[in-house]
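Below is one structure, written out as structure tokens, with a few remarks after it.
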Amino acid sequence: MHLKNKPFVYLLLLLLISAVIYLFLPNKDRNNDNVTTVINSDFNYLPTSTTNTIIKHQYYSLSYHEDYEQAEWVAYELKKEDLSNSNRKRPYFIQDKKVKTQSADYRNYKNSGYTKGHLCPAADRKFSKNAYDETFLTSNISPQKGDFNSGIWNRLERKTRYWANKDEQLFVVTGGILKNNLKTIGQEKVAVPEQFYKILLDYSEPEIKAIAFLVPHEESKAPLYKFVVSIDSLETITGIDFFPTLPDTIEEKLESNSSYKDWSF
DNA sequence: CTGAATGAC
DNA sequence: GTCATTCAG
């Protein structure tokens, strides 16, 4: 290249410098809603969908099951840095526009005797207003008894945040056990699960570990470890392959395990 | 923290 | 639908 073409050289240099600066800039998009993010670049472990209806939101993903008017799973990453104490105002639950078959209307829950139980908890997405508000979609809730929701289920969610803080980050999958002939509420017949499950995967090397819970839909004062089950057993019940992208040897080892010795309660 | 219910705009 | 307020586990 001839040096007489100076403007062009300067332009190239400028571009190069800009690119370098950009690459080394801290990634702030989990705290700043004004930055457009690559959607779900963090989700590498999404479960399979029995309905072929995976919905990807900015801060969590889900598989919707129209027959039961709720998600069969909701999955998201929970990082230590996500945990914040900021007080946010609760928005109202609205339908999830990404669900083409229409997610349940919140009125189905009104006077049903059941509360609108978050699957991806609002408290796990408090790091930004958009993340928080995004959990208030009816595709992210399931009918839960009030004392169950604020009782043992709340305890499990708080324990999950405790572990996320301790282990830096967790991948979380949660939902109700959906099956035929469940009790329903509202005009749209939203199914009331008889059990709820939650799976936690600590994928940070070198000690990858996982734990799964299957909790009956009723308040209990029993310690949480009483509800530990293997991921395999949940896969048998739900028909979902929870970590299809994990290397088979790791997957096999993690999923057959129902021990909780690696987790402090 | 987890939620509901009510009345006014 | 939004807002403000009050209340319960």
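Keep in mind that the numbers below use all heavy atoms, side chains included, and drop hydrogens, waters and symmetry copies. Per chain, numbering begins at 1; letters A, B, ... match sequence-line order.
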Quiz item: Going by heavy atoms closer than 4.0 Å, what residues in residues 157-167 of chain A are next to DNA chain C?
Solution: none
Quiz prompt | Side-chain heavy atoms of Val215(A) within contact of Phe148(A), under 4.5 Å | solution = yes
Protein-nucleotides 6-8 of chain C N/O pairs closer than 3.5 Å?
none

Quiz item: On DNA chain C, nearest-nucleotide positions of Ser150(A) versus Asp105(A): which is more 5'?
Solution: Asp105(A)
Quiz item: Do Asp96(A) and Lys98(A) sit within salt-bridge range, that is, some charged N less than 4.0 Å from a carboxylate O?
Solution: no
Self-check item: Presence of salt bridge, Asp202(A) and Lys209(A), under 4.0 angstrom
Solution: yes
Quiz item: When you check the gap from the basic side-chain N to the acidic O, do Glu194(A) and Lys179(A) get nearer than 4.0 Å?
Solution: yes
Self-check item: Distance, rounded to the nearest Å, where Phe136(A) contributes CZ and dT2(C) contributes C1'
Solution: 15 Å
Self-check item: Ionic contact status for Glu255(A) with Lys253(A), cut-off 4.0 Å
Solution: no
Practice problem: Return the value, rounded to whole Å, for the distance between atom CG of Asp147(A) and atom C1' of dA4(B). | Solution: 14 Å
Self-check item: Nearest-Å distance for atom pair CD1/C1', residues Ile152(A) and dC1(B)
Solution: 16 Å
Self-check item: Members of residues 112-120 of chain A that approach DNA chain B, where some heavy atom sits under 4.0 Å away
Solution: Thr115(A), Lys116(A), Gly117(A), His118(A)
Self-check item: Length of the line joining Asn154(A):CG and dT2(B):C1', which is rounded to integer Å
Solution: 5 Å
Self-check item: 5' precedence on DNA chain B between Phe93(A) and Arg88(A) (nearest-nucleotide basis)
Solution: Arg88(A)
Self-check item: Hydrophobic cluster (4.5 angstrom, side-chain heavy atoms) - remaining members for Tyr92(A)
Solution: none
Self-check item: Side-chain touch Ile55(A)/Ser61(A), heavy atoms, less than 4.5 angstrom
Solution: no
Practice problem: May I have the distance from Phe148(A) (atom CZ) to dA4(B) (atom C1'), rounded to whole angstrom? | Solution: 18 Å
Quiz item: Where does the angle between the aromatic ring planes of Tyr60(A) and His57(A) fall among parallel (under 30°), tilted (30 to 60°) and perpendicular (over 60°)?
Solution: tilted
Quiz item: Separation of Tyr109(A) atom OH from dA5(B) atom P, in whole Å?
Solution: 14 Å
Quiz prompt | Rounded interatomic separation in angstrom, taking CZ from Arg90(A) and C1' from dT2(C) | solution = 16 Å
Quiz prompt | Test ring pair (Phe, Tyr, Trp, His ring centres under 6.0 Å) applied to Trp163(A) - qualifying residues, sequence neighbours left out | solution = Trp263(A), Phe265(A)
Distances for protein N or O near nucleotides 3-5 of chain C N or O, under 3.5 Å:
from	atom 1	to	atom 2	distance (Å)
dC3(C)	N4	Tyr92(A)	OH	2.7
dA4(C)	OP2	Lys89(A)	NZ	3.4
dA4(C)	N6	Tyr92(A)	OH	3.0

Quiz item: Counting only heavy atoms not in Gln95(A), do more than 12 fall under 6.0 Å of its CD?
Solution: yes
Self-check item: Test item: Arg125(A) side-chain N/O and Asp133(A) main-chain N/O as donor-acceptor pair under 3.5 Å
Solution: no
Quiz item: Can you name the one residue among Tyr45(A), Tyr76(A), Trp73(A) that meets ring-ring contact (aromatic ring centres under 6.0 Å, His included) with Phe171(A)?
Solution: Tyr45(A)
Quiz item: Just by modelled atom types, is the Val74(A) backbone N or O under 3.5 Å from a matching donor or acceptor in the Thr174(A) side chain?
Solution: no
Quiz item: What's the NZ-C1' distance between Lys129(A) and dT2(C), to the nearest Å?
Solution: 12 Å
Quiz item: Closest to the Asn111(A) side chain: dA4(B), dG9(C), dA5(B)?
Solution: dA5(B)
Practice problem: For Ser103(A) and Val99(A), indicate whether the former's side chain and the latter's backbone hold a donor-acceptor pair under 3.5 Å. | Solution: no
